[in-house]
Amino acid sequence: MTQPDAPAVEPGDPRVAEIFGRFEAIEPAPKPELEYLDPFTLLVSVVLSAQATDVSVNKATGPLFQVADTPAKMAALGVEGLTPFIRSIGLFNTKAKNVIALSQQVLERHGGQVPLDREAMQALPGVGRKTASVVLNELGVEPAIAVDTHVFRVSWRLALSNGKTPHAVEADLMRVTPAPYLTRAHHWLILHGRYVCVARRPKCETCPVADLCPTAPAYLGA
DNA sequence: ATCCCGAGGG
DNA sequence: CCCTCTGGAT
């Protein structure tokens, strides 16, 4: 018990069900704000979204996918051809190399189709657990709660987990989230973190779950 | 633990 | 100015 103040959440906890129930009431069918056309463009978009806002990614992928929306076209573009499209995103050097290498591997090792299993997907350059989880969940292959910066922060503040790594937080979330909410949990936590439970000064005054949050009183001056 | 890395907001 | 943004590889 390294965190005596953070209650251990168990499956069936009514507070957790209430939190997700309210998210569902606000947005029954949450969708990703990243724009994509198919599994390949989804994967590329998610790789590009690391440490970047979805707005900046969409601004780049609009023109990019108009030119290269398949592994073959992307590979043909090459690092030199791709870089100008994604320079504004940031981390563009690493991302350009990864997207081109990823496209080549999808083409040469997977017949031009994005492999829809976690092991094969995470073996692709620039694809880690978080990225694979987003793609697998979004495509309906398997329920997965990808833990990014937003999900990690929100999970801690709401005391849904006190895990010290994204993987540990993911395990807690998968364990305590009611089954009907599993596929949508990631999107709700993302949206909540992006617009309400923001990093610097969370908007507890207008938060729909502030009364269920152990962190809110500190910001509300209670 | 460190590096990558531009854009937007406060 | 500083902090943050749907991380991954070394």
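Below, all heavy atoms of this structure are taken into account, side chains as well, without hydrogens, waters or symmetry copies. Lettering of chains follows the sequences in order, A, B, ..., and the numbering in each one begins at 1. Computed from a prediction, not measured in an experiment: that's the story for all the values here.
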Using a heavy-atom cut-off of under 4.0 Å over every strand shown, decide if A:Val198 touches base, sugar-phosphate, or nothing.
nothing

d(CZ, A:Arg129; C1', C:dT6) in whole Å:
16 Å

For residues 49-64 of chain A, the salt bridge (Lys or Arg N to Asp or Glu O under 4.0 Å) pairs (sequence neighbours left out) are A:Asp54-A:Arg194

With P as the reference atom in both, quote the distance from B:dC4 to C:dT6 in angstrom, rounded to an integer.
22 Å

Those residues at least two apart in sequence (or on a different chain) that pass side chain to side chain contact (heavy atoms under 4.5 Å, CB included) with A:Pro32 are A:Tyr36, A:Glu138, A:His187

Integer-rounded Å distance: C:dT6 C1' and A:Asn58 CG
12 Å

How many Å lie between NZ on A:Lys97 and P on C:dT10, as a whole number?
11 Å

CA sep, side-chain torsions, deciding dist, call: A:Lys31, A:Glu27, salt bridge (Lys or Arg N to Asp or Glu O under 4.0 Å):
CA-CA 9 Å; A:Lys31 293 185 295 183; A:Glu27 180 51 77; over 6 Å; no

Rounded distance (Å) that lies between atom P of C:dT6 and atom CZ of A:Phe152:
17 Å

Roughly, in whole Å, what's the span from CG in A:Asn137 to P in C:dT6?
17 Å

5' priority, DNA chain C, between A:Pro125 and A:Asp54 [closest heavy atom]:
A:Asp54

Indicate yes or no: does A:Glu170 engage A:Arg129 in a salt bridge with an N to O separation below 4.0 Å.
yes

Looking for any heavy atom pair under 4.0 Å, which part of the strands does A:Pro32 touch: base, sugar-phosphate only, or nothing?
base

Might you confirm whether atom CZ of A:Arg109 has over 12 heavy atoms from other residues, nucleotides or ligands at distances under 6.0 Å?
no

Does the protein touch nucleotides 1-10 of chain B at the base, only the backbone, or not at all? Give it as B, S and - per nucleotide, heavy atoms under 4.0 Å.
---BBBSS--

To the nearest 0.5 angstrom, please state how far the CD atom of A:Gln104 sits from the CG atom of A:Leu124.
12.0 Å

Could you check how far OH of A:Tyr36 sits from C1' of C:dT6, rounded to whole Å?
14 Å

Would you indicate, yes or no, if C:dT6 has its OP1 or OP2 atom less than 4.0 angstrom from a side-chain nitrogen or oxygen of A:Arg194?
yes

Give the nucleotide from the list C:dC5, C:dG7, C:dT6 with an atom nearest to the side chain of A:Ile190.
C:dT6

For nucleotides B:dC5 and C:dT10, find the distance between their P atoms and express it as a whole number of Å.
15 Å

Counting any heavy atom closer than 4.0 Å, what does A:Leu124 reach on the DNA or RNA strands: base, sugar-phosphate only, or nothing?
sugar-phosphate

Check this for me: A:Gln66, atom CD, are more than 12 non-hydrogen atoms of other residues, nucleotides or ligands nearer than 6.0 Å?
no

Any A:His150 side-chain N or O less than 4.0 Å from OP1/OP2 of C:dC5
yes

When rounded to whole Å, the CG to C1' distance for the pair A:Leu34 and C:dG7 reads 13 Å

Judged by each residue's nearest nucleotide on DNA chain C, which is more toward the 5′ side, A:Glu33 or A:Gly126?
A:Glu33

Once you round it to whole Å, what is the distance between C1' of C:dC5 and CZ of A:Arg153?
9 Å

Just so I know, are the side chains of A:Val147 and A:His167 near enough to count as touching, which here means a heavy-atom distance under 4.5 Å?
no

